[in-house]
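Working notes, beginning with the structure itself.
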Amino acid sequence: MECANLDECVENWDSIAGDYKTLENVNKEYLAKVEEVSDLQGQCMKQVSHQKYRLNFIAKSLKNFENDERQDIIQRLWKDINHRRQQLSDIEQSLPKPNGTYLKIILGNVNVSILNKEDKFRYKDEYEKFKLVLSIIGFFLSLLNLVTHRRGIELTFLFLLVWYYCTLTIRESILKVNGSKIKGWWRVHHFISTVASAVLLVWPNSETWFIFRPQFMIFNVVISVVQSFQFVYQQGVLYRLKALGERHNMDITIEGFHSWMWRGLSFLLPFLYVGYIFQLYNAYTLYKLCYHPHATWQVPVLSGLFFILFLGNAVTTSMVIPEKLREVKIRRIIKTYTRKMSGNRLGADPKKSD
């Protein structure tokens, strides 16, 4: 829309000049609030550090009184100390944290802390959707590589894998800074996968590559399907936990199951282990190719990397499951006992109660 004449242009200019003065005042107030928030953050971080120091001092002192007769006081203090540590941990989730070494190398000292809970959840949601989109693209590129033998498509797919895993390592490091309880192995897994993808990218068009190529593309089809199932499961868990308010918004691994989660997990686990076994099969195939007369250095290196991925994935998942099964069993026993005791109280003879 344009002004009809010069007078209308002058009138519009005078109008927006008044609006700009309002904007300046709002901006000044905003900058003052930012400075105030920054000061409050600094004070909170100092107070949290002071509280931790005093708690550690008290906890260390309590260890010297293990033989004291007043065990009830000692037990109460330990309970209060653990509760306070949890409270401090919750407070820290709302405060900015320093970047880890990896993020400092990649991003420098840029602050990547997300302070708003909804923004944290949104970032986690975008992280899961990013993995899904790349899994779908990888699925179709793998199928395309199975039916064609164009080097350009191969290199595009392999470069995509390198970029994908590099991006995952950065995104997961940001999740870690913002309080995610992701196990160390899953982060190491993506660093190793980045190295493996880079080695695949520089693997020349040799006879050993043409032998392994179909198996590798089928492997990526399977992994893409498994990752799609993981997305559906993790999205359901994430939204359910957010609604219940029982877990931190940045949790991304298969830890922290509740009893109602096992229905979906029982469906997902077989597919996870199929992917792990396929990694072992890749390692075995590459190990046999090491004895091929035209084998290059990429063959033994990839064999070792695939075996490490299989071992780490299988052991980590297998260690988590029994622990969570025991927790679910204990929870059920406590629930059954509570119901039984409640039933006994309701069915008690009122005369005997007197």
Side-chain angles (χ1 to χ4, degrees), residues 100-103 105-106 124 127-135 137-139 142 157-201 215-216 219-231 233-235 237-238 250-257 265 268-287 298 300-324:
T101 304
Y102 179 64
L103 280 180
I105 294 172
I106 300 295
K124 169 64 180 66
Y127 165 84
E128 296 292 350
K129 288 177 181 176
F130 169 78
K131 291 199 296 182
L132 176 66
V133 170
L134 268 295
S135 295
I137 295 173
F139 175 82
S142 299
F157 173 61
L158 295 175
F159 179 79
L160 179 70
L161 286 180
V162 175
W163 175 80
Y164 169 66
Y165 285 115
C166 279
T167 306
L168 277 189
T169 60
I170 296 171
R171 287 181 178 238
E172 286 174 352
S173 295
I174 294 173
L175 285 167
K176 187 69 176 176
V177 167
N178 287 282
S180 175
K181 295 178 178 63
I182 178 174
K183 270 191 177 292
W185 163 250
W186 303 119
R187 296 183 67 202
V188 172
H189 171 276
H190 289 136
F191 281 105
I192 296 174
S193 297
T194 304
V195 175
S197 301
V199 174
L200 284 162
L201 182 63
Q215 179 178 322
F216 178 69
F219 167 73
N220 280 284
V221 169
V222 172
I223 291 299
S224 297
V225 173
V226 173
Q227 287 179 339
S228 299
F229 289 153
Q230 277 185 299
F231 171 80
Y233 172 77
Q234 289 177 343
Q235 282 294 96
V237 171
L238 182 66
M250 306 303 272
D251 286 355
I252 70 173
T253 66
I254 59 171
E255 297 180 82
F257 295 132
L265 183 68
L268 179 62
L269 277 177
F271 292 97
L272 289 175
Y273 279 100
V274 166
Y276 301 160
I277 292 169
F278 213 138
Q279 287 174 333
L280 179 62
Y281 180 53
N282 286 342
Y284 174 70
T285 301
L286 289 164
Y287 173 74
Q298 288 88 354
V301 170
L302 285 169
S303 177
L305 291 175
F306 273 112
F307 182 74
I308 292 171
L309 290 173
F310 155 75
L311 197 62
N313 288 337
V315 170
T316 304
T317 304
S318 300
M319 286 176 63
V320 169
I321 293 171
E323 177 186 342
K324 299 307 172 184

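All of these numbers come straight from a predicted model, not from anything done at the bench. Values below: all heavy atoms of this structure, side chains included; hydrogens, waters and symmetry mates excluded. Numbers here simply count residues along the sequence, with the first being 1.
The environment of OH in Tyr284 is sparse: at most 12 heavy-atom neighbours from other residues, nucleotides or ligands sit within 6.0 Å. Annotation: Tyr287, atom OH; neighbour count of heavy atoms from other residues, nucleotides and ligands within 6.0 Å does not exceed 12.
Contact record, Ser224 with Ser135: OG-O, 3.2 Å, taken as the closest heavy-atom pair. Residue Leu103 comes nearest to Ile174 through the heavy atom pair CD1-N, 3.9 Å, listed as atom of the first residue, atom of the second, then distance. Across all their heavy atoms, Ser303 and Ala283 have their closest contact at OG-O, 2.9 Å. Between Ser142 and Val221 the shortest heavy-atom distance is CB-CG2, 3.6 Å.
Arg171 contributes atom CZ, which lies 10.0 Å from atom OH of Tyr164 (distance to the nearest 0.5 angstrom). Here the CD1 atom belonging to Ile223 is positioned 8.5 Å from the CZ atom belonging to Phe278, to the nearest 0.5 angstrom. A distance of 7.5 Å separates CG in Leu269 from OG1 in Thr317, rounded to the nearest 0.5 Å. Note that CG of Leu201 and CD of Gln298 are 10.5 Å apart. Values are rounded to the nearest 0.5 Å.
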Exercise for review: Give the C-alpha distance, both sets of side-chain angles, the deciding distance and a yes or no for salt bridge (charged side-chain N to carboxylate O under 4.0 Å, His left out) between Glu128 and Lys124.
Suggested key: CA-CA 6 Å; Glu128 296 292 350; Lys124 169 64 180 66; 2.3 Å; yes
Exercise for review: For the pair Val274 and Val226, evaluate side chain to side chain contact (heavy atoms under 4.5 Å, CB included) and give the outcome as yes or no after the intermediate values.
Suggested key: CA-CA 9 Å; Val274 166; Val226 173; 5.7 Å; no
Review point. Which is it for Asn313 and Trp185 under the side chain to side chain contact (heavy atoms under 4.5 Å, CB included) test, yes or no, and what are the steps along the way?
Key: CA-CA 8 Å; Asn313 288 337; Trp185 163 250; 2.9 Å; yes
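Each of Trp186, Tyr127, Tyr102 was compared with Glu172 under the side-chain hydrogen bond (donor to acceptor under 3.5 Å, both in side chains) criterion, and only Tyr127 meets it.
His189 is listed as a side-chain neighbour of Leu309, based on a closest heavy-atom distance under 4.5 Å.
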